[in-house]
Chemist: 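First, the structure itself, so that you have it in front of you.
Note that this is a predicted model, so its numbers are computed, not measured.
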Amino acid sequence: MACNFTIPFSGSPQAVLDKATAAIQSQGGTFTGNDSGGAFNVNVMGNTIAGSFVIAGQTLDVTISSKPFFVPCSAI
């Protein structure tokens with residue numbers, strides 16, 4: 001089951017992407033995309049969390065498509 005999050009933000013979409021890219025890459029993950037959307041994956045305690053995102057105006061819509069079954073959406 002996918003997890004969906006909508007996150008409002010202020011500032012530029014590029015600033016949000018730069019922050020997200022740094023956070024994911026600092027954990028050894030990959031982050032690809034541009035200021036309209038993309039994908040990411042990161043390994044957490046030997047388990048992969050992967051998903052995609054879409055930026056629309058000042059909103060970041062995130063879909064987690066792959067996560068460990070024992071991790072609830074609220075913990076991501």
Chemist: Tell me whether Gln58 contacts the main-chain N or O of Pro8 through its side chain, where contact means a donor paired with an acceptor under 3.5 Å.
Modeler: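 Not a single qualifying donor-acceptor pair exists.
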Chemist: Only counting residues at least two apart or in another chain, list the ones meeting side-chain hydrogen bond (donor to acceptor under 3.5 Å, both in side chains) with Asn47.
Modeler: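 Scan of Asn47 (side-chain hydrogen bond (donor to acceptor under 3.5 Å, both in side chains), adjacent residues dropped) gives none.
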Chemist: For the residue pair Phe5 and Phe53, is the inter-centroid distance of their aromatic rings smaller than 6.0 Å?
Modeler: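 No, too far apart.
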Chemist: Do Leu17 and Asp35 make a side-chain contact, defined as non-hydrogen atoms from C-beta onward lying under 4.5 Å apart?
Modeler: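 The answer is yes; the side chains approach within 4.5 Å.
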Chemist: Going through the distances and angles, do Thr48 and Val42 end up as a side chain to side chain contact (heavy atoms under 4.5 Å, CB included)?
Modeler: CA-CA 6 Å; Thr48 299; Val42 64; over 6 Å; no
Chemist: Identify the two heavy atoms, one from Lys67 and one from Cys3, that lie closest to each other, and give their separation to 0.1 Å.
Modeler: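 Nearest heavy atoms, Lys67 then Cys3: CE-SG, 3.5 Å.
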Chemist: Tell me the closest heavy-atom pair linking Ala2 and Cys73, and the distance in Å.
Modeler: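 For Ala2 versus Cys73, the nearest heavy atoms are O-SG, 4.4 Å.
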Chemist: Run the side chain to side chain contact (heavy atoms under 4.5 Å, CB included) check on Ser52 and Thr63 step by step: do they pass?
Modeler: CA-CA 5 Å; Ser52 60; Thr63 300; 4.0 Å; yes
Chemist: Where is the tightest heavy-atom contact between Thr59 and Thr6, given as atom of each residue plus distance?
Modeler: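 Closest heavy-atom pair between Thr59 and Thr6: CG2-CG2, 3.2 Å.
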Chemist: Is the shortest heavy-atom distance from the side chain of Ile55 to the side chain of Pro13 under 4.5 Å?
Modeler: yes
Chemist: Given side chains that start at C-beta, do those of Asp61 and Asn4 come closer than 4.5 Å, heavy atoms only?
Modeler: no
Chemist: Is there a continuous path of hydrophobic side-chain contacts, each under 4.5 Å between heavy atoms, that joins Val54 to Val62?
Modeler: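 As far as the 4.5 Å side-chain criterion goes, Val62 and Val54 are not connected within one cluster.
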Chemist: Enter the distance from Thr21:OG1 to Phe31:CZ here, rounded to the nearest 0.5 Å.
Modeler: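 Atom-to-atom, Thr21:OG1 and Phe31:CZ are 4.5 Å apart.
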Chemist: Among residues two or more places apart or on two chains, list those pairs meeting disulfide bond (SG atoms under 2.5 Å apart) that have a residue in residues 41-71.
Modeler: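 Qualifying pairs, neighbours excluded: none.
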Chemist: Locate the shortest heavy-atom distance separating Phe70 from Pro72; write the atom from each residue and the value.
Modeler: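 The answer is O-CD, 3.5 Å.
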Chemist: Can you tell me how far the NZ atom of Lys19 sits from the CD1 atom of Ile24, to the nearest 0.5 Å?
Modeler: 13.0 Å
Chemist: Once you round to the nearest 0.5 Å, how far does OG of Ser12 lie from CG of Asp18?
Modeler: 7.5 Å
